[in-house]
**Q** 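Have a look at this one.
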Amino acid sequence: MTTLTPGRDVIRDAVELACRAPSLHNSQPWRWIADDASLDLFADAGRLMPAADPQGREITLSCGAALDHLTVAMSAAGWDTTVTRFPDPYKPFHLATIGFRPATTDANDPRRARADAILRRRTDRRRFDPPADWARLEIALRQAMIPYHVMSDVVLDDARPHLAEASRLTQQIRENDPSYEAELQWWTSPLAAHEGVPQSALVSATEAARVDVAREFPTAAQGQQVNDDRVDQSKIVVLSTHHEDARLDALRCGEALSALLLECTMAGMATCTLTHMTELAPSRELIRKLTGQQGLPQLLVRIGQAPGADGAAPGRTPRRPIGEVCEIRQ
């Protein structure tokens with residue numbers, strides 16, 4: 001007899017995998033509530049960062065990535081999903097209701113590979129070597145973006161210096177914002193056990209200087225000296241939305257981010273998601289001009305090959321206990 005609803009353990013495991021999604025400073029701003037018929041995703045407004053993200057746009061982006069991770073995890077477990085986004089217009093933090101039905105086909109290797117990629121994905125802040133077979137990967141990434149109705153652009157090599165200068169100017173503005181600096185220090189504190197950016201995910205000052213487009217974090221201790229002065233040679237992809245900062249567009253952009261990151265991970269590429277330049281209007285407008293898009297840039301992603309000579313790859317960042325972010329009701 002076919003089971004028509006997934007068991008509690010199936011949902012719990014899928015949510016746990018979904019919570020591996022990236023988020024601003026690993027803040028994990030999501031909350032899940034499950035019952036016998038469906039699963040609901042809510043934004044956790046208590047994790048808003050007033051200095052970096054006063055409108056909560058990045059909370060929605062992060063939750064979108066978690067939502068797509070969830071559908072990938074359920075697909076690998078043999079369940080198709082139906083997603084209703086913003087089901088109640090009077091509850092803005094209720095981002096999605098997810099329903100389930102048994103998959104019409106058995107979970108195949110591509111589905112499982114995509115779910116496995118969730119566990120292998122990392123935010124790597126080191127410099128990258130050029131991505132292998134970029135032409136083929138770029139086509140795959142553009143195809144992966146189609147279902148999400150977002151725009152994707154690759155920053156051209158001759159535009160890269162302008163983007164790097166904008167990144168530096170953004171950092172200079174932030175250096176004069178004590179609220180932003182205090183927020184950053186809090187989320188990179190070594191005292192946080194289940195959230196934030198751990199020391200193992202940060203890079204030394206020497207490594208940070210090799211990357212021209214990046215958010216500036218407190219630097220980690222200098223590890224073993226590496227005789228390599230090569231700079232970042234990544235490709236940078238910009239994801240933009242059509243309707244400025246509409247919540248639905250931001251949610252879909254987060255879903256697209258998930259698809260892009262998992263596609264890169266399956267191709268053996270390292271990635272680093274960047275939002276520091278889309279938090280401020282001047283740098284955001286420059287990105288729009290550099291890409292030639294009419295839409296609004298939401299985030300950037302550096303893509304490349306992780307350099308084997310630059311020390312160990314970053315380990316997994318911590319996650320909040322599943323019982324803290326997910327409630328399964330009887």
Side-chain angles (χ1 to χ4, degrees), residues 11 14-15 17-34 38-49 52-75 80-100 114 118 121 123 141-142 144-153 237-263 271 273-275 278-279 284 287 293-301 325-326:
I11 291 179
V15 168
L17 204 55
C19 291
R20 295 304 313 172
S23 58
L24 177 61
H25 302 344
N26 193 28
S27 54
Q28 307 164 60
W30 39 66
R31 186 166 58 89
W32 308 83
I33 297 178
S38 63
L39 175 67
D40 291 285
L41 170 62
F42 295 84
D44 186 345
R47 295 189 162 256
L48 177 74
M49 299 185 198
D53 183 33
Q55 303 302 318
R57 177 182 61 90
E58 293 183 66
I59 287 181
T60 306
L61 287 169
S62 301
C63 288
L67 175 59
D68 189 71
H69 273 30
L70 186 282
T71 63
V72 168
M74 290 301 295
S75 178
D80 291 336
T81 53
T82 55
V83 179
T84 303
R85 297 166 182 83
F86 296 101
D88 188 338
Y90 299 103
K91 296 180 179 179
F93 298 123
H94 187 184
L95 303 184
T97 295
I98 307 104
F100 309 104
R114 191 168 294 275
I118 292 175
R121 185 206 63 81
T123 296
L141 294 180
R142 291 189 183 278
M145 297 298 99
I146 292 173
Y148 304 95
H149 307 292
V150 301
M151 295 172 281
S152 62
D153 296 275
V237 173
V238 181
L239 297 188
S240 303
T241 51
H242 294 272
H243 303 111
E244 298 298 314
D245 279 333
R247 290 181 300 143
L248 177 59
D249 279 14
L251 187 69
R252 295 295 274 166
C253 189
E255 294 176 68
L257 171 64
S258 163
L260 182 147
L261 296 176
L262 297 184
E263 196 73 36
T271 56
T273 304
L274 304 169
T275 55
T278 57
E279 293 167 356
R284 208 176 192 189
I287 297 170
Q293 283 283 11
Q294 294 302 310
L296 193 66
Q298 295 288 346
L299 56 89
L300 301 84
V301 183
V325 297
C326 181

**Q** Answer with yes or no whether the side chains of D249 and T241 bring together a donor and an acceptor at under 3.5 Å.
**A** no
**Q** Might you point out which heavy atoms bring A96 and V83 nearest each other, and give the distance in Å?
**A** CB-CG1, 4.1 Å
**Q** Which residues pass the side-chain hydrogen bond (donor to acceptor under 3.5 Å, both in side chains) test with R20, not counting sequence neighbours?
**A** none
**Q** Do Q28 and C19 come close enough that some side-chain heavy atom pair is under 4.5 Å?
**A**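 No; the side chains remain at least 4.5 Å from each other.
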**Q** For P297 versus G295, what's the shortest heavy-atom pair and its separation?
**A** CD-O, 3.7 Å
**Q** Determine the minimum heavy-atom distance between H69 and S258, stating which atoms define it.
**A**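 Looking at all heavy atoms of both residues, the closest pair is ND1-OG, 2.8 Å.
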**Q** Would you indicate whether the side-chain heavy atoms of L239 and M145 approach each other to under 4.5 Å?
**A** yes
**Q** Looking at every non-hydrogen atom in both residues, tell me the closest pair between A14 and M74 and how far apart they are.
**A** CB-SD, 3.3 Å
**Q** Determine the minimum heavy-atom distance between S27 and M49, stating which atoms define it.
**A**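 Minimum heavy-atom contact is CB-CE, 3.5 Å.
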**Q** Less than 4.5 Å apart, side chain to side chain, heavy atoms only: is that true for W30 and D44?
**A**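 No, their side chains stay 4.5 Å or more apart.
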**Q** For E279 and L24, run side chain to side chain contact (heavy atoms under 4.5 Å, CB included): C-alpha distance rounded to whole Å, both residues' side-chain angles, the deciding distance at 0.1 Å, then the answer.
**A** CA-CA 11 Å; E279 293 167 356; L24 177 61; 4.0 Å; yes
**Q** For L39 and T81: C-alpha separation, side-chain torsions, deciding distance, then whether side chain to side chain contact (heavy atoms under 4.5 Å, CB included) applies.
**A** CA-CA 10 Å; L39 175 67; T81 53; over 6 Å; no
**Q** Identify which one of L299, V237, T271 satisfies the side chain to side chain contact (heavy atoms under 4.5 Å, CB included) criterion when paired with L257.
**A** L299
**Q** Does D80 reach the side chain of F100, with side-chain heavy atoms less than 4.5 Å apart?
**A**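 No, their side chains stay 4.5 Å or more apart.
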**Q** Sequence neighbours excluded and cut-off under 3.5 Å, please list the side-chain donor-acceptor pairs for residues 58-65, or say none.
**A**
unit_1	atom_1	unit_2	atom_2	d
E58	OE1	T275	OG1	2.6
T60	OG1	G56	O	3.4
S62	OG	E58	O	2.8

**Q** I want to check something: taking the side chain as every heavy atom from C-beta on, are D68 and Y148 in contact at a cut-off of under 4.5 Å?
**A**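 Yes, at least one pair of side-chain atoms sits under 4.5 Å.
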**Q** Is the backbone of L261 close enough, under 3.5 Å, to the side chain of R121 for a donor and an acceptor to pair up by distance?
**A** no
**Q** Among residues at least two apart in sequence or on other chains, which ones pass salt bridge (charged side-chain N to carboxylate O under 4.0 Å, His left out) with R284?
**A**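 With neighbours one apart ignored, the set is D245.
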**Q** Taking the six-membered ring of F42, is NZ or CZ of R31 closer than 6.0 Å to its centre and within 45° of its axis?
**A**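 Yes - R31 lies over the ring of F42, closer than 6.0 Å to its centre and within 45° of its axis.
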**Q** Any side-chain donor-acceptor pair under 3.5 Å between H94 and D40?
**A** yes
**Q** Give the C-alpha distance, both sets of side-chain angles, the deciding distance and a yes or no for side chain to side chain contact (heavy atoms under 4.5 Å, CB included) between Q294 and M151.
**A** CA-CA 10 Å; Q294 294 302 310; M151 295 172 281; over 6 Å; no
**Q** Is there a side-chain contact between R57 and T278 in this structure, where contact means two heavy atoms from C-beta onward sitting under 4.5 Å apart?
**A** yes
